[in-house]
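Beneath this line is the structure, given in structure tokens, with notes to follow.
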Amino acid sequence: MSERLSAEARRQALGGLPGWTDVQGRDAIGKTFVFKDFNEAFGFMSRAALVAEKMDHHPEWRNVYKTVEVVLSTHDAGGVTARDIELAKAMNAIAKPTA
Ligand SMILES: C[C@H](O)[C@H](O)[C@H]1CNC2=NC(N)=NC(=O)C2=N1
């Protein structure tokens, strides 16, 4: 099982993760993704869901039209671990337009 990242490891990891920040009031990281429309937003969620299921590591998220708010935390560890960083990286890659 993953262990919570040290403050320094976490700061370093967030430095390489555009858009991700500490969530206020709890041990978690978050990002708000804004897409062109609902189709793009839900496409992102579908692809991210497949990655999450494969990792057995699942996001807390909320979708309103073209916006997807994501919060990542490792519940089993009570905080942010390498698994959250890994999923955050995958989400950034999925959200990035390839064209
Ligand atoms: C039993 C199962 O492996 C665990 O409950 C997994 C599933 N997905 C999970 N997702 C997240 N974000 N944190 C967890 O601790 C977690 N635990």
Side-chain angles (χ1 to χ4, degrees):
M1 197 219 278
S2 298
E3 293 185 355
R4 293 175 62 206
L5 296 181
S6 68
E8 179 51 30
R10 179 170 162 164
R11 180 165 41 243
Q12 203 158 317
L14 283 183
L17 281 174
W20 290 87
T21 58
D22 285 316
V23 171
Q24 289 304 309
R26 58 177 291 196
D27 194 339
I29 56 173
K31 177 171 178 174
T32 298
F33 292 90
V34 182
F35 296 92
K36 181 170 64 91
D37 54 24
F38 177 76
N39 195 48
E40 296 287 321
F42 200 75
F44 163 79
M45 293 179 83
S46 303
R47 289 185 281 274
L50 295 177
V51 172
E53 181 61 9
K54 198 170 273 183
M55 287 177 63
D56 191 27
H57 195 66
H58 304 89
E60 300 171 34
W61 54 7
R62 173 171 190 265
N63 163 238
V64 179
Y65 179 37
K66 61 180 184 172
T67 299
V68 183
E69 294 171 17
V70 183
V71 171
L72 300 180
S73 162
T74 303
H75 309 125
D76 297 345
V80 176
T81 69
R83 291 160 67 69
D84 300 301
I85 301 304
E86 194 185 331
L87 183 54
K89 248 179 222 164
M91 285 182 161
N92 274 12
I94 290 167
K96 198 174 291 175
T98 49

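We count ligands from 1, going down the list as the structure has it; atoms in each ligand are counted the same way.
Classified by interplanar angle (parallel below 30°, tilted 30° to 60°, perpendicular above 60°), the ring pair Phe33/Trp20 is perpendicular.
The protein heavy-atom contact nearest to atom 1 (C) of ligand 1 is Asp56 OD2, 4.7 Å. The protein heavy-atom contact nearest to atom 16 (C) of ligand 1 is Asp76 OD2, 4.2 Å.
Of all the atoms in ligand 1, the ones that sit under 4.0 Å from a non-hydrogen atom of Thr74 are 13 (N), 15 (O).
The 12-atom threshold is not exceeded at CD of Gln24, counting heavy atoms of other residues, nucleotides or ligands nearer than 6.0 Å. Counted within 6.0 Å of CZ on Arg26, heavy atoms from surrounding residues, nucleotides or ligands total more than 12; the atom is thus considered enclosed.
Nearest residue to atom 10 (N) of ligand 1 from Arg83, His58, His75 is His58 (criterion: closest heavy atom).
Here the side chains of Phe35 and Thr67 are not in contact, with every heavy-atom distance at 4.5 Å or above.
The residues Arg11 and Glu8 are annotated as salt-bridged, a charged nitrogen and a carboxylate oxygen being separated by less than 4.0 angstrom.
Looking at Ser73 against ligand 1, only its backbone comes within 4.0 Å, counting heavy atoms.
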